[in-house]
Amino acid sequence: MKEISKQYDFKAKEPKIYAKWEKSGFFNPDNIKTEKRYSNILPPPNANGELHLGHASGYAVMDIFGRFERMNGKKVLLLPGKDHGGIQTQVVFERKIKEERGVTRHELGRERFYKECYEFSNGSSKYMRSQEKRIGISADWSREKFTLDPDVSRIALETFVKMHREELVYKGNRIINWCPRCGTALSDIEVIHKEREGKLYYIKYPIKDSKEFIIVATTRPETMLGDTAVAVNPKDKRYLSFIGQTIVLPLQEKEIPVIADRRIDMEFGTGAVKVTPAHDPLDWQIGKDHKLEEVQVIDEKAQITANGGKYEGLDVLEARSKILLDLDELGLLEKEEVLVNNVSACERCKTTIEPLISKQWFINVDAKKYSIKKKTLEAIKSGKLNIYPASLKKVMIQWLGNLQDWCISRQIWWGPQFPVWYKGEEIYVGLEAPKGEGWVQDENTFDAWFFSGQWPYTTLGYPDSKDYDEFYPTDMMIMGKDILFFWSARMLMLSLYRTGKIPFKNLYFTGLVRDKDGHKFSKSRGNGIDPLDMIDKFGADALRLSLVMDIAPGQDTRLYEEKIESFRNFITKLWNISKYCKQSDEKFVLVEKISKKDLKSLSDKWIISELEGVTKKVTDLIKEKNISLAQDALRRFTWDSFADWYIEINKLEKNTKVLGYVLDKILKLWHPFTPFITEEIYGILNNDEKLLMVAKWPKSENKFIDKEAENNFADLRELVGKIRNIRSSYHIDQAEQIEAFADRRIEKDIIERLARVRIETEGRPKIKMLQLSTRKRNFELNIAKLIDVAKEIAFMDKEIKILEGLIKKNESMLKNKRFVSGAPEEVVAAAKARLEEYEEKLKIQKELEKNLRRL
RNA sequence: GCGCGCUUAGCUCAAUGGCUAGAGCAUCUCGUUUACACCGAGAGGGUUGGGGGUUCGAGUCCCUCAGCGCGCACCA
């Protein structure tokens, strides 16, 4: 039989335990023979970096649910993968080659850049995979996927072809968000808005053949080079007479009309707006409706185009200052005002966005043949998808309601190219290049989210594969709430379109992991916690626990070393508990089943009753997706009830069978949370012949619930507590055994041991004694020790007052007819029971006080 | 502007409308023992952000105010 060593060396053990799991083959659901299944396609991290706390917390949650379901007899598939990451990876890789080799992607050329970026991603993936394993995730690595794997990307590309055939996608000129640094179009959600203090410039626009002006206000004067109208609200009396007149656009000397449009806010600025359809989303709309010319004056490098006349070639900011100078010279600059407004920036590189008109591929989200928007809204509203937390359902519905066409083409090089070929006026859309000479493929690459949005079924080999039939729709999807729109919404949209099914039954959002002060972890702040460092320092189990403590779905959580440390302490406790059990009796073994006959003493009955209760509670809480509370309840049982009370008592009245039974259940209940240490202990105690990972989850059995034992044990604890309290408040040395006398049958040995007293049961000594007693007088003893009578009386008076207050409260409740008839039966019964209990306690207290006064 | 979330012990968080509002960390006191000092025992610490309401009963539900955080839209 193996021994349990003095200390748990998690650093040495964890890799070995993981290797043992992998070798067992049970990460692969094919090796589990059952009809029931549970599937969770894991979110693929971008294959360009390192595992961070966000990943770690997500994996901890996914693995807890996965292991729970596996122990509940299901074939569990946790399918891992990596995302090629599109823009983000390209930005990272470009920076890398610039720093390391001093080259740009243009110097490498498209083909070579793609190839090297692919190799880079592959290398990072391997590294990340080794990190993911250290968290302990029980994923089926034999099924691991990459968004660019041929089988995966083929299915995703087919979706595009299908959409094209069914007219859900189109290529067209629209105003889009352009990142001049990345050199690509972006979708609306890849743009972040930052408040910045800027200036609002008031510029005089002269009316043709008149001395009058209209003053317009703008934050971006450089765009005036492309103005094709001035717009006012038709209700605005100030400008009624100007509508239809002509303005001579300053600097360009071009004639443009004054138009009326109800979208103009009369309150803002002067109420008159310069309209630049080529460089502002709202102006673009107005331009469309009024059939205005779209004059592009800013190009894709954020420089002024030839349409900008003498400003051509200037950077937008240079152009802005030059234009302001020129206007001032002409006397057309009325004034400047400070204004705080939102500036759009690229989510990845933070460069200011230029709105441009550009020819891009779009998904029509409200197409005639199939409205992605409507179908997705319907599915969410149908209630067939459980969302944790439920409040995010509303957010999703609101977002979908406002959804605009989705720009899916990018001008970056990293990622799959559009399956579209051109030859002159001809266009071909299909998976393979068309036969014949002279076809040129569309240069655009896909928005990476178009690929990851199809992840639930591309990974399973849609449409005709064993895995797809068996595991789709999946049971669970877990992600950070920061990618709610990016990912969960897109998965719902695309999966519903392609497969006709909601891709998952449960959608669980994790919150953000923050530092102790509630700040985001960031490199610039230097407050980052590297999960791998923490695993080295405290072990994977401790990190997992700290990541799921205090969490609720979608709620941010704070993490800091002391928190992880306190869970490392718990892990040590679990180890020591097991060590004690093993050492307590050479016959000690883990026990799967027990019968009532095996429960000898009060404490046996109590601990088993509590165990059954906690088993039910933990199981229910995990099913409700409330893993934080489940863990909390289990920890309290393990540390407080089992270690601090039952084991201490076990040192006196051994019941090795009960000990083995409780430990067996505890190891199983803890396994989803702390898989490594529980597997290690289970292995030692079973001579490595059994694997905890696939052990059966404990089932709570009502027959062991024993309320009477629980109450009696509570009384015992209360009495011991009272004695300890007295020792502490009178500074009685811990070494000193307090003399006591009891004339009733009580759990003498236990109380003597736990409270360090010596209890005489015969020959009551003739000295003054403090009397202690509990409810129903199950336990009563007298302490033969000099005490401060006045102090004790004061203490008892306080107790009596509290009890009287409680009695009054409960009495008035029970006298209230509306309470008795209106409240649930159990509540009324509980109130009655409480009242009796308090009355009895009060009676005892009063008696004790009377006795005390006689001293 | 619209929407969402949060506010409970010094800190981090719990508490199906119903038991004297609880844990962990931190603090203070003490420490003999067949696992554990990464430990054990005990103690202190609360007007549940303010105000109002509904209810037999409110930390919990409603209204309102304040503070913090987030999302969306607008931003000429």
Side-chain angles (χ1 to χ4, degrees), chain A residues 4 6-7 189 193 195 200-201 216-220 223 231 264-265 268-276 280 282-283 339-343 389 391-392 394-395 398-399 402 481-482 484-485 512 516 518 538 549-552 554-560 562-563 565-573 575-584 628-629 632 635-636 640 643-644 647-648 651 720-721 724-729 731-737 753-756 802-803 805-806 809-810 812-824 826-828 830-831 833-834 837-838:
Chain A
I4 295 182
K6 175 103 179 113
Q7 273 184 338
I189 53 173
H193 305 281
E195 266 198 354
L200 186 62
Y201 303 95
V216 298
T218 179
T219 52
R220 299 193 60 197
T223 61
I264 305 303
D265 179 359
F268 191 91
T270 60
V273 182
K274 57 189 274 315
V275 181
T276 324
D280 181 275
L282 180 64
D283 292 5
L339 175 80
V340 177
N341 71 332
N342 278 327
V343 180
S391 60
L392 290 182
K394 252 191 197 170
V395 176
Q398 189 195 352
W399 184 79
N402 291 330
K481 71 162 186 237
D482 52 330
L484 184 125
F485 304 131
L512 204 64
K516 193 169 186 174
F538 301 112
M549 180 207 187
D550 295 343
I551 61 156
Q555 211 65 49
D556 290 353
T557 177
R558 299 183 185 199
L559 188 74
Y560 35 91
E562 297 94 301
K563 204 160 160 178
E565 197 181 350
S566 73
F567 282 102
R568 187 272 321 266
N569 295 351
F570 174 74
I571 297 298
T572 309
K573 192 77 187 178
W575 185 259
N576 280 310
I577 287 172
S578 309
K579 187 161 52 143
Y580 170 80
C581 291
K582 180 82 173 63
Q583 288 171 4
S584 70
S628 176
L629 283 184
D632 194 54
R635 188 159 41 93
R636 233 172 279 180
D640 185 47
D644 290 343
I647 284 184
E648 287 309 315
K651 288 172 182 172
V720 170
R724 285 169 169 173
N725 193 332
I726 283 175
R727 181 189 294 279
S728 178
S729 58
H731 299 286
I732 301 169
D733 200 289
Q734 296 276 357
E736 187 184 330
Q737 280 199 330
R753 181 183 175 92
L754 295 181
R756 293 296 293 170
I802 291 171
L803 284 169
L806 289 169
K809 190 178 155 194
N810 281 284
S812 63
M813 264 164 85
L814 287 164
K815 269 184 203 152
N816 191 317
K817 277 183 195 139
R818 293 169 77 173
F819 169 71
V820 178
S821 58
E826 315 92 73
V827 175
V828 179
R834 266 201 313 278
E837 184 188 327
Y838 296 144

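Computed from a predicted structure; not experimentally measured. Residue numbers begin at 1 in each chain, while the letters A, B, ... track the order of the sequences.
- Nearest-nucleotide assignment on RNA chain B puts the 5′-proximal partner with A:R558, out of A:R558 and A:T219.
- Between A:E565 and A:R568 there is a salt bridge, since a side-chain N of the basic residue sits under 4.0 Å from a carboxylate O of the acidic one.
- For B:U12 and B:U20, the C1' atoms lie 25 Å apart once the distance is rounded to whole Å.
- In summary, the side chains of A:K582 and A:S584 do not present any donor paired with an acceptor at a separation below 3.5 Å, with no hydrogens or angles considered.
- Residues A:Y201 and A:T219 fail the side-chain proximity criterion, which asks for heavy atoms closer than 4.5 Å.
- Spacing between B:C11 and B:U27 at atom P, rounded to whole Å, works out to 15 Å.
- Residue A:K651 qualifies as enclosed at atom NZ: its count of foreign heavy atoms under 6.0 Å is above 12.
- Taking a pair to require two hydrogen-bonding distances under 3.5 Å in either a Watson-Crick or a G-U wobble arrangement, B:G1 pairs with B:C72.
- Side-chain N or O atoms of A:R220 include none that pairs as donor or acceptor with a backbone N or O of A:D280 at under 3.5 Å.
- In this structure, A:L754 places its CG atom 11 Å from C1' of B:U33, rounding to the nearest Å.
- What separates CG of A:D556 from C1' of B:C13 is a distance of 14 Å, to the nearest Å.
- Taken from CZ in A:R635 to CZ in A:F570, the straight-line distance is 7.5 Å, to the nearest 0.5 Å.
- Side-chain atoms of A:D640 never come within 3.5 Å of backbone atoms of A:R636 as a donor-acceptor pair (strictly under, hydrogens ignored).
- Contact check for A:F819 versus A:V827: side-chain heavy atoms found under the 4.5 Å cut-off.
- Nucleotides B:C6 and B:C13, compared at atom C1', are 13 Å apart to the nearest Å.
- The closest side-chain heavy-atom distance from A:K579 to A:Q7 is not below 4.5 Å.
- Spacing between atom CH2 of A:W575 and atom C1' of B:A35 amounts to 12 Å, rounded to whole angstrom units.
- In this structure, A:K563 reaches the sugar-phosphate backbone alone: every heavy-atom distance under 4.0 Å involves primed, P, OP1 or OP2 atoms, never a base.
- No contact: A:L484 has no heavy atom under 4.0 Å from any strand.
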Under 3.5 Å, which N/O atoms of the protein pair with N/O atoms of nucleotides 41-45 of chain B?
from	atom 1	to	atom 2	distance (Å)
B:A41	O3'	A:R724	NH1	3.3
B:G42	O2'	A:S728	OG	2.9
B:A43	OP1	A:N725	ND2	3.3

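- Taking side-chain N and O atoms only, A:K394 has no distance below 4.0 Å to OP1 or OP2 of B:G3.
- Here B:U7 sits opposite B:A66 as a Watson-Crick or G-U wobble pair (both hydrogen-bonding atom distances under 3.5 Å).
- Rounded to whole Å, the distance from CD on A:Q398 to C1' on B:G5 is 14 Å.
- We find that CD1 of A:I4 is positioned 20 Å from P of B:U34, with the value rounded to whole Å.
- B:A41: Watson-Crick or G-U partner is B:U29, with both key distances under 3.5 Å.
- When the P atom is used for both B:G44 and B:G22, the distance is 13 Å, rounded to whole Å.
- Nucleotides B:A9 and B:A23, compared at atom P, are 15 Å apart to the nearest Å.
- Residue A:D283 is classed as having no contact, given no heavy-atom separation below 4.0 Å to the nucleic acid.
- Atom NE2 of A:H731 is separated from atom P of B:C28 by 16 Å (rounded to the nearest Å).
- If you check B:U34 for Watson-Crick or wobble pairing at under 3.5 angstrom, you find it has no partner at all.
- In this structure, A:A831 reaches neither bases nor backbone, as no heavy-atom distance under 4.0 Å exists between it and the strands shown.
- Nucleotides B:G69 and B:A15 have their C1' atoms positioned 24 Å apart, rounded to a whole Å.
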Seminar exercise, completed: Its contact letters, B for base, S for sugar-phosphate only and - for none at protein heavy atoms under 4.0 Å, make nucleotides 16-26 of chain B read --BSB-SSS--
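- The side chain of A:F485 lies closest to B:C72 when the candidates are B:G5, B:C72, B:C36.
- Atom CG of A:N342 is separated from atom P of B:C74 by 10 Å (rounded to the nearest Å).
- Map A:T557 and A:L392 each onto its nearest nucleotide of RNA chain B; the residue landing nearer the 5' end is A:L392.
- Using a 4.5 Å heavy-atom cutoff, the side chains of A:M549 and A:T557 are not in contact.
- Using a 4.5 Å heavy-atom cutoff, the side chains of A:D550 and A:R558 are not in contact.
- Using P as the reference atom, B:G24 and B:A41 are 10 Å apart when rounded to the nearest Å.
- Checking side-chain atoms of A:K516 against main-chain N and O of A:Y560 turns up no donor-acceptor pair under 3.5 Å.
- The distance from atom NZ of A:K651 to atom C1' of B:U34 is 7 Å, rounded to the nearest whole Å.
- The side chain of A:K481 contributes no N or O atom lying less than 4.0 Å from OP1 or OP2 of B:C4.
- No contact: A:K817 has no heavy atom under 4.0 Å from any strand.
- For the C1' atom pair drawn from B:C19 and B:G59, the interatomic distance equals 16 Å after rounding to whole Å.
- The partner of B:G22 is B:C13, judged by Watson-Crick or G-U wobble contacts that both fall below 3.5 Å.
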